Number of protein chains: 2
Amino acid sequence: MPLDRYDRQILDALQRDGALTNAQLSERVNLSASQCSRRRAALEAAGVIEGYRAKLDAGKLGLGIRVIVRVNLRTHGNSADSDFSAWIGRQPEVLSAFSVSGDADYVLHVRARDLESFSDFLHERLLLRPDISQVRSDFVLQTLKDSDALDLSDLGR
Amino acid sequence: MPLDRYDRQILDALQRDGALTNAQLSERVNLSASQCSRRRAALEAAGVIEGYRAKLDAGKLGLGIRVIVRVNLRTHGNSADSDFSAWIGRQPEVLSAFSVSGDADYVLHVRARDLESFSDFLHERLLLRPDISQVRSDFVLQTLKDSDALDLSDLGR
DNA sequence: ACTGAAACTTCTGACGT
DNA sequence: ACGTCAGAAGTTTCAGT
């Protein structure tokens, strides 16, 4: 799918504010609302726009703690990694999880209500798994940036 | 702001699909559409819903590389940390940045087109800063989970 | 390819329960 | 507090250039 500069502008506007109406989009992009509507629909159909999400304020919802957890497994291959992956998917306080190069096998982003509930996750669940060999927790002290907005500046024409 | 189970259901539905209409919401929550509209507006006004974002497919946009970068600064206090923080805010390939406890000072999430453009970010920009003492890059090999959806299960009544 | 207007869907405020 | 209804706003399809 070829993306021109109008698509790029539409994507950039929507990743910053997904609630923009086609009429509002049309002002920023200098296109008619109907054209924005069609291009937007095409970008959604192509999967370039995966979907829309409401961003919630974790602090106001009482989720005061954010932790970056690095995990090493004792064994690898076979079903070891996929077992761990499936288990991670079922843990509600794990927002994202990656397997990485470097000294850790996995990096998890965890949100919890307070130290007690994080401790519950860590000691009563993660560390009870027999396939875990090492866990290192880095508590987030300050959030400098949390946008998730992709850099679209050097994209298509 | 007190949140009852209806608010909780609305928030949970919207953080998974922010494009839901109030009519669609009303089906899942068993409330009228107008009531959903009112509650949703209240949650937005209270800042519990910070906003809406379109989630884009980074792969389809040619951003093939994701790296978790851990950074240590040479000096602290004064303006050292806030200088770094402001600089981070201006780097488009840095999606999120946290100051953390543990052996690293900062953890960054970086997206880049390819190894070459990541190398450009690393060597031509980050490592040229005189306040950097150590940088360790962990490349993301596999994404197990990437939802950012908060756990709302043990919230209000 | 884009625009403009018509048909349709969704939103939202007033009112009644 | 919630639901119903009607007017307002936004979206989307279609014809035209």
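So that the names make sense, note that chain A is the first sequence line, chain B the second, and so on, each numbered from 1. Computed from a predicted structure; not experimentally measured.
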Query raised in the report: Looking only at heavy atoms, which two atoms of B:D151 and A:P92 are closest? And how far apart?
Result: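 Smallest interatomic distance, heavy atoms only, reads CG-CB, 3.5 Å.
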
Requested in this report: Of all the heavy-atom pairs spanning A:L73 and A:D105, show the shortest one and how long it is.
Outcome: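 Heavy atoms of A:L73 and A:D105 come nearest at N-OD2, 2.8 Å.
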
Requested in this report: Name the first nucleotide and the last nucleotide along DNA chain D (5' to 3') that come under 4.0 Å of a heavy atom in chain B.
Outcome: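 First and last nucleotides in contact are D:dC2 to D:dT4.
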
Report task. Salt-bridge test for A:K55 and B:D148: reply yes if a basic N is under 4.0 Å from a carboxylate O, no otherwise. Result ->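 No, this pair does not count.
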
Query - Under-4.0 Å salt bridge between B:R28 and B:D17 - result: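 No.
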
Query raised in the report: Within the side chain of A:Q24, is there an N or O that forms a donor-acceptor pair under 3.5 Å with the backbone of A:T21?
Result: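 Looks like yes, one N/O pair under 3.5 Å.
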
**Report entry** Single-linkage hydrophobic cluster A:L20~A:L31, side-chain heavy atoms < 4.5 angstrom
**Finding:**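 Both belong to a single hydrophobic cluster.
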
Query raised in the report: Is B:Y106 reachable from B:V69 through a run of hydrophobic residues whose side-chain heavy atoms are each under 4.5 Å from the next?
Result: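 Yes.
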
Requested in this report: Applying side chain to side chain contact (heavy atoms under 4.5 Å, CB included), run through B:E50 and A:L56 and close with a yes or a no.
Outcome: CA-CA 5 Å; B:E50 290 178 22; A:L56 308 184; over 6 Å; no

Query raised in the report: Which residues in residues 37-51 of chain A have at least one heavy atom lying under 4.0 Å from any atom of DNA chain C?
Result: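 A:R38, A:R39, in order of number.
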
Query raised in the report: Which residues in residues 15-32 of chain B have at least one heavy atom lying under 4.0 Å from any atom of DNA chain D?
Result: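 Contacting residues: B:L31, B:S32.
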
**Report entry** salt bridge (charged side-chain N to carboxylate O under 4.0 Å, His left out) between A:D7 and B:K60, intermediate numbers included
**Finding:** CA-CA 13 Å; A:D7 291 319; B:K60 290 196 167 118; over 6 Å; no

Report task. Give a yes/no on whether any side-chain N or O of A:Q35 is located under 4.0 angstrom from OP1 or OP2 of C:dC2. Result ->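 For C:dC2, OP1/OP2 do have a side-chain N/O of A:Q35 under 4.0 Å.
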
Query raised in the report: Would B:D120 and B:R113 satisfy salt bridge (charged side-chain N to carboxylate O under 4.0 Å, His left out), going step by step from the backbone distance to the final call?
Result: CA-CA 11 Å; B:D120 174 79; B:R113 192 151 309 277; over 6 Å; no

Report task. Would you mind telling me which residue lines up with the more 5' stretch of DNA chain D, A:S34 or B:S34, judged by nearest nucleotide? Result ->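 Closer to the 5' end of DNA chain D: B:S34.
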
